[in-house]
Amino acid sequence: MDEASTLNEWVTFGDHLYRKKGDDPSIVFTSASGEKRTIVDYDGNIIMIWQVQPDGMYWRDEDGYGMTPDEEIRLYSFIDKNGRFTAPFKIYNIGTKQFYVWRK
């Protein structure tokens, strides 16, 4: 990270029990060019979830025509304080089967 790149926060505890109204745990990375990346959102999430295949309902029209039997597939990875992925993406879920479990 170059000297002109900054983060608005270094530590956040997300949506915790004692969070007061107005507390914003978001972390936004701002590059030297002014590009901004939200690394931790308002709810304190540091995980990047990427939907690579929507479920079959995505393809249907308002009458239900065109629906397919596809299951939703999402992948996940974590991002570091520089906004970079820390590891290759892994399976988050396929349909209703969860492969990653949130630990709080």
Side-chain angles (χ1 to χ4, degrees):
M1 179 156 75
D2 61 37
E3 294 175 20
S5 299
T6 60
L7 295 171
N8 66 332
E9 298 285 340
W10 285 101
V11 176
T12 185
F13 298 100
D15 191 16
H16 56 85
L17 182 63
Y18 302 106
R19 186 169 158 191
K20 295 180 231 133
K21 185 177 181 178
D23 286 354
D24 184 358
S26 301
I27 296 179
V28 179
F29 174 76
T30 305
S31 71
S33 66
E35 178 184 352
K36 294 184 181 216
R37 288 187 192 177
T38 300
I39 295 175
V40 177
D41 68 11
Y42 188 81
D43 295 322
N45 300 315
I46 307 177
I47 191 170
M48 166 65 85
I49 299 173
W50 177 25
Q51 182 185 58
V52 295
Q53 176 177 297
D55 70 10
M57 289 181 55
Y58 176 83
W59 306 110
R60 71 185 178 130
D61 64 14
E62 58 274 354
D63 296 324
Y65 179 78
M67 186 170 155
T68 64
D70 300 337
E71 290 189 287
E72 176 186 62
I73 299 174
R74 294 189 295 170
L75 307 176
Y76 77 95
S77 185
F78 290 93
I79 48 181
D80 65 17
K81 65 184 179 184
N82 298 313
R84 294 188 182 104
F85 297 111
T86 60
F89 279 88
K90 297 177 185 172
I91 298 173
Y92 182 81
N93 74 294
I94 297 177
T96 59
K97 183 170 171 101
Q98 284 291 128
F99 292 86
Y100 177 80
V101 179
W102 286 92
R103 296 188 195 344
K104 284 193 174 192

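This one's a predicted model, so the numbers in the text were calculated from it and none came from an experiment.
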Could you grab the distance from atom CD of Q98 to atom OH of Y92, nearest 0.5 Å is fine?
-> 5.0 Å
Could you give the distance from OG1 (T68) to CG (D55), rounded to the nearest 0.5 Å?
-> 8.0 Å
Would you call the rings of Y100 and Y76 parallel, tilted or perpendicular if under 30° counts as parallel and over 60° as perpendicular?
-> tilted
Test item: M67 and W59 side chains (from C-beta on) under 4.5 Å apart, heavy atoms = no
Nearest heavy-atom neighbours spanning P88 and S77 | O-OG, 4.2 Å
Does CZ belonging to F99 count more than 12 external heavy atoms closer than 6.0 Å?
-> yes
pair L75-I49: side-chain heavy atoms closer than 4.5 Å = no
Of the non-hydrogen atoms in E71 and T96, which two are nearest, and what is the gap between them?
-> OE2-N, 4.5 Å
Is the side chain of D63 donor-acceptor paired with the backbone N or O of Y65 at a distance under 3.5 Å, no angle test?
-> no
Quick one: CD on E72 to CE on M57, what's the gap to the nearest 0.5 Å?
-> 11.5 Å
Is there a chain of hydrophobic side chains (I, L, V, M, F, W, Y, each step under 4.5 Å between heavy atoms) that links V52 to F85?
-> yes
